[in-house]
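Reading through the structure tokens given below for one structure.
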2 protein chains.
Amino acid sequence: MEPIRRASLIKATIAEIGLAGSLEVTVSRIAKRAGMSSALAHHYFGSKEALFLAAMRDVLRLYGAEVRGALAAAEGAEGRARAVIRASFSPANFRREVIAAWLNFYVLAQSQPQARRLLRVYQRRMVSNLRHALRPALGDRAGVVSQGIAAMIDGVYLHAALGPLAADPTAAAALVEDYLTRELECRA
Amino acid sequence: MEPIRRASLIKATIAEIGLAGSLEVTVSRIAKRAGMSSALAHHYFGSKEALFLAAMRDVLRLYGAEVRGALAAAEGAEGRARAVIRASFSPANFRREVIAAWLNFYVLAQSQPQARRLLRVYQRRMVSNLRHALRPALGDRAGVVSQGIAAMIDGVYLHAALGPLAADPTAAAALVEDYLTRELECRA
DNA sequence: TTGTTTATTGACTCGTCAATCAACAAAAAA
DNA sequence: TTTTTTGTTGATTGACGAGTCAATAAACAA
């Protein structure tokens, strides 16, 4: 039972965060959506905070899987870099609840050490993926450019999720790819 | 009295948001910090939500003033673009409470129409400033590149505020400027 | 069968907090 | 001086919510 309950609760947590847009969500609502009493949610997760962290971890896990899949299917070094970018703008990442999870994740990372650690791991892995793909073409510049692209992915995602780029993930990815193209085309 | 009280409350609100890292801040705490009763805070702002919005508006106003100042002091078109970028990474924007305000602003923009409107205005103005500065050098590409830079500013800010770039605003600005340099150097 | 672990909940505790209101004070207008 | 407007608060209300607990049931082991 335990793994089933935990999975249901995590799913319900993400759904409720998406609905509220924030972490102002009650354990009762989450438990209700998952079809159980709030006491049981506390039984399995101990606290609301732990439940949130598990949910965040789940979002990251899904995103990581997507990136790995895209990397595996990509051809060549440049192709791998572009695959990472495109995976970051897949429709899955623009579902209301995923956007909400990310934004609240950032907020949580300010004050919650575990959330911060989690975010760092994600950012490091992203930069590492990009650097590995760009090293052959860019050499020493690969590090800086990878950081730039990683940051730009998050920034463009933010704009696409909340701003004028809304609802056009393809155009969003194109912006980041444009940067990559410039760096590849005219090497210093 | 009214303008003084309002200003104190806004200042206290930003400070408390910075302290908590989130919007989970009580009107009482804010009022206490501002040296008055919570009833008075409600008297002047009507609701917690209105107080938050006023605080967000204040953060945006300060940022806008900084950008305008930098623009006025800049020389040439390219200089103006670089001024916008550098202003975005000024120490003022990396104060704990300003970071907290921005992150929570994004969260709020998902569900609060006024916050969303405010954010759109800020984003539009930023892109418009950049486009105006880049038009002479980039022509038709100015629009796309401006959107890219605007997004990258927010993304790099996010990384600098929460991630590995932490505490090095100059390096952060350099990442964005690198993108600009590429676009200027090798025109398609 | 009996005892033990696992699953589950309703009811409850204890605390918090936004918003209201009646009342008081003080300045300004009449 | 009286009246009105403005500034101010303590006390209260009404609601909500995290976490606990005792109790029940069901599977399972001895």
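Note on naming: letters A, B, ... go to the chains in the order of the sequence lines (proteins, then strands), and numbering restarts at 1 for each one.
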Touch class at under 4.0 angstrom, heavy-atom based, for B:Ser37 against every strand present: base
Given DNA chain D, 5'-ward residue of the pair A:Ser38 and B:Gly35, judged by closest heavy atom: B:Gly35
Among C:dA7, D:dA18, D:dG7, the one nearest B:Glu2 by side-chain distance: D:dG7
More than 12 heavy atoms of other groups within 6.0 Å of B:Arg57 CZ: yes
Minimum-distance nucleotide (side-chain atoms of B:Ala39 versus D:dG17, D:dT9, D:dT20): D:dT9
Parallel, tilted or perpendicular, as decided by the 30° and 60° cut-offs, for the rings of B:Tyr63 and B:Trp102: perpendicular
Spacing of B:His43 atom NE2 relative to D:dT5 atom P, expressed in whole Å: 14 Å
Atom-pair distance (CG on A:Leu9; C1' on C:dT8), nearest Å: 13 Å
Sugar-phosphate only, base, or nothing, as touched by A:Phe45 at under 4.0 Å among non-hydrogen atoms: nothing
Cationic N near anionic O, under 4.0 Å, A:Asp178 to B:Arg141: yes
Whole-Å distance separating the CG atom of A:Leu40 from the P atom of D:dA23: 19 Å
Atom-to-atom span, CD of B:Glu24 to P of D:dG17 - whole angstrom: 12 Å
Between P of D:dG7 and CZ of B:Arg6, the distance in whole Å: 11 Å
B:Arg80/B:Glu75 salt bridge by N-O under 4.0 Å criterion: no
Under 4.0 angstrom between B:Tyr44 side-chain N/O and D:dT8 OP1 or OP2: yes
Of the listed nucleotides C:dT8, D:dG7, D:dG17, the one nearest the side chain of A:Thr26: D:dG17
Spacing between B:Ile4 atom CD1 and D:dG7 atom P, to the nearest angstrom: 10 Å
B:Met1 CE - C:dA25 C1' separation (whole Å): 15 Å
Phosphate contact (D:dT6 OP1 or OP2) by B:Arg5 side-chain N/O below 4.0 Å: no
Proximal nucleotide (of C:dT9, C:dA18, C:dC21) relative to the A:Met36 side chain: C:dT9
Atom pair distance, as rounded to whole Å: NZ in B:Lys32 and P in D:dT8: 18 Å
Nucleotide of D:dT20, C:dT8, D:dG7 approaching A:His42 most closely (side-chain heavy atoms): D:dT20
Whether over 12 other heavy atoms sit under 6.0 Å from A:Arg6 CZ: yes
Nucleotide nearest B:Lys48 (side chain, heavy atoms from C-beta), chosen from C:dA18, D:dT8, C:dA7: C:dA18
